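Since the model is a prediction, treat every value here as computed from it, not as a measurement.
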Amino acid sequence: MHGEYKIPGGKLVVVDLDDRDGVLRNVRVAGDFFLEPDEALGAIDRALEGAPSDTDTAGLTARIEAALPEGTTMYGLTAEGIAVCVRRALTRATEWTDYDWQLIHEPPQSPALHMALDEVLTSEVAAGRRSPTLRVWEWDSPAVIIGSFQSLRNEVDPEGAARHGVTVVRRISGGGAMFVEAENTITYSLSVPASLVSGLSFAESYAYLDDWVLNALGDMGIKAWYLPLNDIASKEGKIAGAAQKRLAAGGGAVLHHVTMSYNIDAEKMLDVLRIGKEKMSDKGTRSAKKRVDPLRRQTGLPRDEVIDRMIGSFRTRYGLAEGRVTAQEMARAEELALSKYSSEAWTARVP
């Protein structure tokens with residue numbers, strides 16, 4: 001069995017092993033990481049040899065840490081990262097480069113249709129009828145997108161939303177409310193097979209699926225990092241928020257979508273969103289205006305160029321062919337946008 005895992009913010013770990021009668025055999029760890037002393041690599045292999053194959057990530061991590069020689073130094077490598085890689089090998093996880101990725105970047109669409117397209121395209125990936133897909137959104141109107149489990153009245157000021165012509169929609173993933181405007185926001189979705197995040201915990205999958213965009217931001221001069229559970233941040237502040245939904249139908253698939261702040265009208269956002277004091281305090285800030293630091297200021301680049309560079313970075317790493325929403329997918333999405341995502345029953349399902 002073979003497993004690979006790019007440690008978020010770190011290096012690539014590769015593990016080859018056999019599963020014989022429920023125990024690990026012939027374990028060999030490799031990668032482009034840095035490790036001192038040399039003897040530490042053999043100690044890691046020996047620590048994993050003979051471990052029950054159903055040992056979880058925490059148990060494997062403990063075995064590795066207990067076996068490391070005193071004074072071991074790791075760079076781009078962690079004991080937990082090795083353990084995750086072992087679990088990915090055992091669960092036969094797939095890798096980014098195993099797929100023919102497709103890009104969808106179409107003209108502006110309504111907020112309800114965007115919600116529906118996420119559900120339809122991810123369902124198609126789960127069914128095996130669509131390749132893993134990166135979809136970049138364009139908005140035809142300002143919107144607030146609330147998480148699947150949020151209270152509508154607690155998150156949105158209806159008078160403020162009406163005053164600014166803001167549409168309120170509810171997505172299928174959890175997480176917090178996002179305020180978006182067409183030229184001030186960069187939003188994208190990844191619709192991927194469940195096997196791509198096999199062996200990863202829910203939290204680990206966020207970091208894993210965000211890693212490519214951290215590299216893209218780095219190419220634009222922004223040192224960004226994953227901030228658990230679902231934020232991307234730099235030293236200047238929060239850049240983006242992510243959310244996920246896992247679909248069990250077919251072979252299973254994961255929807256991972258991210259909203260990034262290119263620019264922000266903080267006054268308008270605060271007039272539309274009801275941002276509580278508790279949320280502010282757990283971010284360690286005094287003002288919602290200071291929570292998000294826009295990409296426009298950090299990069300100095302036009303929004304379209306930021307998007308082009310992000311797409312280029314993804315294409316360089318994993319390959320990316322131009323794609324489109326099929327007629328059948330669009331018909332299903334349009335029906336769903338009307339029957340579900342535009343309905344009061346769905347939007348106010350948590351009043």
Side-chain angles (χ1 to χ4, degrees), residues 8-9 105 108 111 114 134-145 155 157 160-161 163-166 175-190 206-207 209-243 256-277 279-317:
H105 189 189
H114 279 306
L134 167 64
R135 183 171 73 92
V136 179
W137 306 18
E138 298 293 347
W139 300 87
D140 72 358
S141 60
V144 167
I145 306 97
E155 298 300 324
D157 183 323
R163 188 159 46 246
H164 298 290
V166 171
M178 308 299 292
F179 173 73
V180 302
E181 293 183 290
E183 295 305 315
N184 290 347
T185 308
I186 296 172
T187 308
Y188 67 86
S189 302
L190 290 169
Y206 271 86
L209 294 176
D210 282 339
D211 192 60
W212 74 274
V213 82
L214 301 186
N215 284 274
L217 290 170
D219 293 340
M220 289 180 267
I222 300 175
K223 181 173 176 53
W225 55 84
Y226 163 72
L227 190 64
L229 171 66
N230 61 335
D231 287 349
I232 296 172
S234 73
K235 65 179 182 179
E236 305 297 334
K238 177 178 172 179
I239 294 172
H256 181 89
H257 41 201
V258 175
T259 295
M260 312 178 77
S261 176
Y262 173 72
N263 203 2
I264 190 166
D265 186 332
E267 297 294 341
K268 187 184 295 184
M269 180 182 75
L270 292 175
D271 199 32
V272 174
L273 293 181
R274 288 174 169 158
I275 301 175
K277 293 180 180 179
K279 183 178 291 187
M280 291 301 96
S281 65
D282 72 13
K283 299 295 181 180
T285 60
R286 290 190 241 174
S287 167
K289 298 178 186 178
K290 297 178 182 177
R291 284 187 60 214
V292 180
D293 193 75
L295 288 172
R296 179 181 180 182
R297 191 188 69 77
Q298 291 199 48
T299 65
L301 298 172
R303 176 180 176 275
D304 288 348
E305 186 169 346
V306 173
I307 292 173
D308 287 345
R309 291 195 185 194
M310 288 171 57
I311 291 171
S313 179
F314 191 104
R315 181 176 284 119
T316 298
R317 289 164 68 89

Please report the closest heavy-atom contact between [X] and [Y], naming both atoms and the distance.
X	Y	value
Ile239	Ala224	CD1-CB, 4.2 Å
His256	Tyr206	CE1-CD2, 3.8 Å
Pro294	Ile264	CG-CG2, 3.6 Å
Arg303	Glu183	CD-O, 3.4 Å
Phe179	Leu273	CB-CD1, 4.1 Å
Gly241	Asp231	CA-OD1, 3.9 Å

How about [X] and [Y]: do any of their side-chain heavy atoms sit closer than 4.5 Å?
X	Y	answer
Ile275	Met269	yes
Pro142	His164	no
Val213	Met260	yes
Ser261	Ile186	no
Glu181	Asp265	yes

Report the distance from atom [atom1] of [X] to atom [atom2] of [Y], rounding to the nearest 0.5 Å.
X	Y	atom1	atom2	answer
Met220	Asn215	CE	CG	10.5 Å
Ser234	Leu214	OG	CG	11.0 Å
Leu217	Trp225	CG	CH2	11.5 Å
Gln298	Lys235	CD	NZ	9.5 Å

For this session: Could you walk me through whether Met178 and Thr185 pass side chain to side chain contact (heavy atoms under 4.5 Å, CB included), step by step?
Result: CA-CA 10 Å; Met178 308 299 292; Thr185 308; over 6 Å; no
Problem set entry | Check against side chain to side chain contact (heavy atoms under 4.5 Å, CB included), Glu155 and Val144 | CA-CA 9 Å; Glu155 298 300 324; Val144 167; over 6 Å; no
Exercise. Where does the angle between the aromatic ring planes of His114 and Trp137 fall among parallel (under 30°), tilted (30 to 60°) and perpendicular (over 60°)?
Worked result: parallel
Exercise. Taking the six-membered ring where the residue is Trp, are the ring centres of Tyr188 and His105 under 6.0 Å apart?
Worked result: no
For this session: Report, as yes or no, whether the 6.0 Å neighbourhood of atom CZ on Arg296 holds more than 12 heavy atoms from other residues, nucleotides or ligands.
Result: no
Exercise. Can you list the steps and then say if Thr187 with Ile145 is a side chain to side chain contact (heavy atoms under 4.5 Å, CB included)?
Worked result: CA-CA 12 Å; Thr187 308; Ile145 306 97; over 6 Å; no
Exercise. Taking Asn184 for the side chain and Asn263 for the main chain, is one N or O donor matched with an acceptor at less than 3.5 Å?
Worked result: no
For this session: Evaluate the salt bridge (charged side-chain N to carboxylate O under 4.0 Å, His left out) criterion for residues Asp219 and Arg309: first the C-alpha distance (whole Å), next the side-chain angles of each, then the deciding distance (0.1 Å), finally the verdict.
Result: CA-CA 8 Å; Asp219 293 340; Arg309 291 195 185 194; over 6 Å; no
Problem set entry | Check against side chain to side chain contact (heavy atoms under 4.5 Å, CB included), Ile222 and Leu295 | CA-CA 9 Å; Ile222 300 175; Leu295 288 172; 3.7 Å; yes
